[in-house]
Amino acid sequence: MLTPRVRVVDLETAGNGPHDVCEIGWQDVTLGSNGRWRVDEERGSRLVNPGRPITPETMAVHHIIDADVAGAPFWKDVAADVLKPEGEIRALAAHRAAFEQRYCTPRFTGGAPWICTWKCALRLWPHLTSFSNQMLRYQRMPEGLIRELGLPAHRALPDAYVTAHHLRDMLNQASLEQLLAWSREPGLLPRVPTGPERGKPWDRLAADVLQALAQDRDPNLRFSAETELRRRGEAPPAEAAEPAQRTLL
């Protein structure tokens, strides 16, 4: 019998174009015979030739330079091998998965569902102060995370490795189906992230403030305000979720 697994992926890019991947890293999380999820030994990374110069702005983040990727394969030649490996993949996962999904299209994934660990962290650990991958790492200090394997930050494999520890704990706290359901919706922010009401929980806001925030352009802010209005019985049922994730918290 094949072992159920979720593959965590992380991408580094040369810029913002549709084919700008310059590195992909992956780390598997597998279901053990004891019914608990664990971070597996299956991990790796591949440099990718983006077919264009890497911008200085992105070099300053991941420190991958043009010479590093000059002889690497193109994205179309490497993506499916990583995203559709042999064996049972229940889902793909990433932190702020909407970014990875821009490049990891169904052509390469076979239509696998996605878990967004950022959205799930908002639901499971709303008491935390920030929800970036690295802030979660140091606020939570996940058990078993080997510091050296999670460095340097902003490289594909170390970031996937760190994300996998968050995902493992999420899967041991909630079901795979629940994580997938949360990931299909916008992010449910635990507090107002910006503006004069910044830092306040939603249940402390006046109805007129909530109504105004429910009209915001940011889908996560709008969804969070609408969710509180629905809790109060002052809004219609939720509509279909939007995949975008624009608010940073």
Side-chain angles (χ1 to χ4, degrees), residues 1-11 24-40 42-43 79-80 82-126 128 131-133 136-137 140 142 159-190 218-224 226-227 230-231 237-247 249:
M1 181 180 293
L2 297 174
T3 300
R5 59 176 165 158
V6 176
R7 172 153 290 186
V8 179
V9 296
D10 185 86
L11 302 181
I24 181 169
W26 66 93
Q27 168 68 68
D28 286 357
V29 177
T30 58
L31 182 63
S33 58
N34 62 352
R36 302 283 292 175
W37 291 85
R38 64 184 184 87
V39 176
D40 196 77
E42 177 57 40
R43 63 180 72 97
V82 175
L83 299 170
K84 290 193 299 183
E86 294 183 3
E88 184 179 5
I89 293 288
R90 294 285 183 88
L92 296 166
H95 201 73
R96 288 188 167 270
F99 177 79
E100 273 71 18
Q101 287 178 272
R102 289 169 52 187
Y103 306 94
C104 302
T105 60
R107 169 190 174 190
F108 300 124
T109 68
W114 283 83
I115 295 171
C116 175
T117 53
W118 176 74
K119 290 180 178 181
C120 294
L122 296 173
R123 299 277 194 159
L124 291 171
W125 308 313
L128 297 179
F131 297 88
S132 71
N133 201 33
L136 288 175
R137 171 187 190 169
R140 299 186 55 250
D159 282 1
Y161 175 77
V162 170
T163 302
H165 284 77
H166 303 319
L167 177 64
R168 174 204 62 194
D169 296 343
M170 292 170 179
L171 286 165
N172 287 327
Q173 189 172 342
S175 68
L176 174 64
E177 292 71 23
Q178 180 65 80
L179 299 188
L180 289 168
W182 285 335
S183 299
R184 287 191 292 268
E185 296 181 328
L188 183 62
L189 308 173
D218 185 291
N220 306 306
L221 189 57
R222 188 168 65 245
F223 176 72
S224 302
E226 290 172 346
T227 298
R230 284 193 294 272
R231 188 188 69 81
E239 298 180 357
E242 298 182 47
Q245 310 172 16
R246 301 191 183 100
T247 296
L249 188 67

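Just so you know, these numbers come straight off a predicted model, no measurement behind them. Residue numbers run from 1 in the order of the sequence given.
Residues Asp40 and Val29 fail the side-chain proximity criterion, which asks for heavy atoms closer than 4.5 Å. Residues Arg7 and Glu42 have side chains in contact (heavy-atom distance under 4.5 Å, counting atoms from C-beta outward). The closest side-chain heavy-atom distance from Phe223 to Leu188 is below 4.5 Å. With a 4.5 Å cut-off on side-chain heavy atoms, Leu92 and Ile115 do not count as touching. Counting only heavy atoms from C-beta outward, the side chains of Lys119 and Phe131 never approach each other to under 4.5 Å. A 4.5 Å side-chain heavy-atom check between Trp114 and Thr109 finds at least one atom pair inside the cut-off. With contacts defined as side-chain heavy-atom distances shorter than 4.5 Å, the pair Asp28/Val6 does not qualify. Between Glu185 and Pro219, the closest side-chain pair of non-hydrogen atoms is not below 4.5 Å.
In this structure, the side chain of Asn220 engages the main chain of Gly187 through a donor-acceptor pair within 3.5 Å. Checked by atom type and distance alone, the side chain of Asn172 pairs as donor or acceptor with a backbone atom of Trp37 at under 3.5 Å.
Aromatic ring orientation, Trp125 versus His166: perpendicular (interplanar angle above 60°, classes split at 30° and 60°).
The pair Arg231-Glu226 does not count as a salt bridge, with every side-chain nitrogen at least 4.0 angstrom from each carboxylate oxygen. No salt bridge links Arg102 with Glu100; every basic N to acidic carboxylate O contact stays at or beyond 4.0 Å.
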Verdict with reasoning, Tyr161 to Arg43, per side-chain contact (heavy atoms from CB on, under 4.5 Å): CA-CA 8 Å; Tyr161 175 77; Arg43 63 180 72 97; 3.9 Å; yes
Residues Gln27, Val9; criterion side-chain contact (heavy atoms from CB on, under 4.5 Å); working and verdict: CA-CA 7 Å; Gln27 168 68 68; Val9 296; over 6 Å; no
Chi angles and distances behind the side-chain contact (heavy atoms from CB on, under 4.5 Å) call for Leu11, Cys104: CA-CA 9 Å; Leu11 302 181; Cys104 302; 4.0 Å; yes
Ile89/Arg5 under side-chain contact (heavy atoms from CB on, under 4.5 Å): CA gap, chis, key distance, verdict: CA-CA 5 Å; Ile89 293 288; Arg5 59 176 165 158; 3.5 Å; yes
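Atoms CG and CD1, on Asp10 and Ile24 in that order, are 8.5 Å from each other to the nearest 0.5 Å. For the atom pair CG (Leu31) and CD (Glu88), the distance works out to 9.5 Å, reported to the nearest 0.5 Å. We find the CG-CG distance between Leu167 and Leu179 to be 7.0 Å, quoted to the nearest 0.5 Å. The distance from the OH atom of Tyr103 to the CG atom of Leu83 is 14.0 Å, given to the nearest 0.5 Å. Rounded to the nearest 0.5 angstrom, Arg168 CZ and Arg36 CZ are separated by 9.0 Å.
Closest heavy-atom contact between Met170 and Cys120: SD-CB, 3.7 Å. Residues Thr163 and Ala94 approach most closely at CG2-C, 4.4 Å, considering heavy atoms. Listed here is the closest heavy atom pair of Asn133 and Asp159: ND2-O, 3.3 Å. Closest approach of Cys116 to Ser183, counting heavy atoms only: N-OG, 2.8 Å.
A side-chain donor from one of His95 and Thr117 sits under 3.5 Å from a side-chain acceptor of the other.
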